[in-house]
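These notes concern the structure reproduced below.
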Amino acid sequence: MKELFGTAKKTMEEKQDLVFVTTISSSGSSPRGAGSKMLVLENGKSYGTIGGGNVEYVSIQYAKEVLKEKQSCTKSFALHPDQVADLGMICGGDVVIFFQYISWENQGFYEICIKIIENWNKNENTWLIFDITEETAWHAGVYQEKEGLTGISISDPSSLLQTKAVQMVLDGRRYYCEPLVQKGMVYIFGGGHVAQALVPVLSRLEFRCVVFDDREAFSNPQTFPEAEQCILGDFSRISDYCSIQPQDYVCIMSRGHQYDYLIQKQVLRTSAHYIGVMGSRKKKEVIRQKLLADGFSMEDISRITTPIGLDIVAETPEEIAISIAGQLISERAKAVITEA
């Protein structure tokens with residue numbers, strides 16, 4: 001998502017208009033839910049996706065017309081059996097898409113792009129809010145936990161600030177709001193082959209990663225260009241380098257069970273949302289006994305998922321990375337459902 005706003009900013013600097021194409025509501029078996037977004041430029045190029053297929057193809061063609069007309073609008077796709085067949089699709093469902101025309105001279109939106117890009121890595125809950133009461137004269141704002149709402153004025157936007165995209169009428173005006181950044185870091189202890197395969201996958205899934213290792217060769221920006229931070233530190237003193245919060249995920253994949261034990265012993269004293277450890281069931285039992293001897297209860301130890309990842313019979317580092325990513329996606333989705 002950050003890349004979309006970076007592309008939008010660059011396009012406006014090149015004095016070209018653009019259209020953001022956003023699914024603002026969906027139901028049934030539509031390709032993707034509300035909040036999916038893509039960017040269509042005057043040269044016909046598109047970035048991002050609203051789910052692919054013919055709905056996306058038709059939307060790109062429609063966005064080109066919006067660029068010619070220079071006027072925003074919404075369009076509904078009622079994907080009932082007849083319409084589904086006409087579009088060459090299998091899935092049904094209803095989709096409402098907002099075609100948001102943006103002139104390169106729109107200074108307000110340009111500043112929104114800058115704000116989003118500059119604050120993306122702050123690990124702070126952030127929402128993008130549009131006043132779409134008049135579709136052709138929309139207004140945009142950004143809400144951040146510490147700074148509050150900028151760009152537009154709403155007396156009390158709190159009901160808009162949910163963990164999924166919503167539309168709502170407040171004080172007689174219609175708003176669309178979507179979460180841009182959700183707090184939560186993935187702390188990866190051990191920068192070996194699995195970590196090197198995992199970080200690029202997670203970064204594309206909007207997880208922000210921190211890699212921690214006590215060897216410089218396995219914790220540096222050259223090895224992990226997609227990581228938000230690389231920490232070179234002592235595994236026995238984790239809290240000296242980072243503070244694990246309730247919304248954070250921990251993946252432990254160090255180079256030996258002794259280090260894994262040291263890390264687990266410390267992480268169990270945090271309120272991390274998820275703790276996963278790579279390793280065999282035999283290693284799990286050895287470390288479990290040590291943790292029990294340290295005074296941890298079985299309830300404490302049950303917070304740890306070992307072996308880490310979904311059971312897809314993964315063997316290679318790349319396959320293991322996919323299994324871990326799948327599990328983190330599931331954990332994040334469950335957290336969203338719980339909060340909702």
Side-chain angles (χ1 to χ4, degrees), residues 123 163 182-195 197-199 201-202 205 207-214 218-219 231 233-317 319-340:
N123 195 28
T163 54
Q182 296 183 53
K183 282 197 301 190
M185 309 293 291
V186 180
Y187 288 94
I188 301 171
F189 292 93
H193 295 300
V194 174
L198 179 61
V199 171
V201 175
L202 292 182
L205 296 169
F207 286 101
R208 296 186 297 285
C209 300
V210 175
V211 179
F212 190 121
D213 205 298
D214 60 356
F218 293 89
S219 184
I231 298 175
D234 184 341
F235 283 135
S236 66
R237 297 185 293 110
I238 290 172
S239 61
D240 288 355
Y241 306 91
C242 58
S243 176
I244 297 171
Q245 300 299 310
Q247 66 275 1
D248 294 334
Y249 307 80
V250 173
C251 300
I252 302 173
M253 49 189 71
S254 74
R255 63 184 182 277
H257 75 272
Q258 181 60 27
Y259 292 108
D260 284 355
Y261 160 67
L262 282 174
I263 297 163
Q264 289 178 62
K265 185 177 178 179
Q266 297 167 80
V267 171
L268 279 176
R269 295 191 176 101
T270 74
S271 53
H273 173 69
Y274 167 90
I275 305 169
V277 182
M278 193 171 72
S280 67
R281 287 175 173 82
K282 180 178 179 181
K283 184 174 83 169
K284 173 184 178 180
E285 179 59 25
V286 170
I287 294 179
R288 184 177 76 90
Q289 293 299 328
K290 287 187 174 183
L291 293 172
L292 287 171
D294 288 331
F296 290 101
S297 68
M298 285 301 299
E299 183 179 357
D300 294 330
I301 296 170
S302 69
R303 294 176 57 203
I304 300 171
T305 298
T306 307
I308 192 173
L310 301 178
D311 185 5
I312 59 172
V313 199
E315 294 185 2
T316 68
E319 291 172 346
I320 296 169
I322 294 299
S323 76
I324 296 170
Q327 192 164 69
L328 292 186
I329 291 170
S330 176
E331 289 296 325
R332 181 169 63 181
K334 286 188 287 187
V336 167
I337 291 169
T338 301
E339 291 178 25

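Numbering starts at 1 and runs along the sequence shown.
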May I ask you to check whether over 12 heavy atoms, not counting those of E315, lie within 6.0 Å of atom CD?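 Atom CD in E315 is not packed in, count stays at 12 or less.
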
Other residues, nucleotides, ligands: >12 heavy atoms within 6.0 Å of H273 NE2: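 Atom NE2 in H273 is packed in, count exceeds 12.
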
In terms of side-chain heavy atoms, does K290 have a donor or acceptor partner in Q258 at a distance below 3.5 Å?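 A pair is found: one side chain offers a donor N or O, the other an acceptor, under 3.5 Å apart.
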
Distance-only polar pair, side chains of D294 and Y261, donor-acceptor under 3.5 Å: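 Present: a donor and an acceptor within the cut-off.
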
Could you measure the distance from the CD1 atom of I231 to the SG atom of C242? Nearest 0.5 Å is fine.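 The SG atom of C242 is 4.5 Å from CD1 of I231, to the nearest 0.5 Å.
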
Any donor-acceptor pair under 3.5 Å linking the side chain of [X] with the backbone of [Y]?
X	Y	answer
E319	T316	yes
D213	G191	yes
Q266	L262	yes
E331	Q327	no

Can you tell me which residue pairs pass the salt bridge (Lys or Arg N to Asp or Glu O under 4.0 Å) test with a partner in residues 297-311, sequence neighbours excluded?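 Counting only pairs at least two positions apart or across chains, no salt bridge (Lys or Arg N to Asp or Glu O under 4.0 Å) contact touches residues 297-311.
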
Please find out if less than 6.0 Å separates the ring center of F212 from that of Y241.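 When the ring centroids of F212 and Y241 are compared, they turn out to be within the sub-6.0 Å range.
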
For E285 and R288, run salt bridge (Lys or Arg N to Asp or Glu O under 4.0 Å): C-alpha distance rounded to whole Å, both residues' side-chain angles, the deciding distance at 0.1 Å, then the answer. CA-CA 5 Å; E285 179 59 25; R288 184 177 76 90; 2.8 Å; yes

Between F235 and R237, is there a cation-pi geometry (under 6.0 Å to ring centre, at most 45° from the normal)?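 Checked: cation-pi criterion not met.
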
Quick one: sort the F207 and Y249 rings into parallel, tilted or perpendicular, breaks at 30° and 60°.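 Answer is perpendicular, since the angle exceeds 60°.
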
Can you name the salt bridge (charged side-chain N to carboxylate O under 4.0 Å, His left out) partners of D260, sequence neighbours left out?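 Listed in chain order: K283.
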
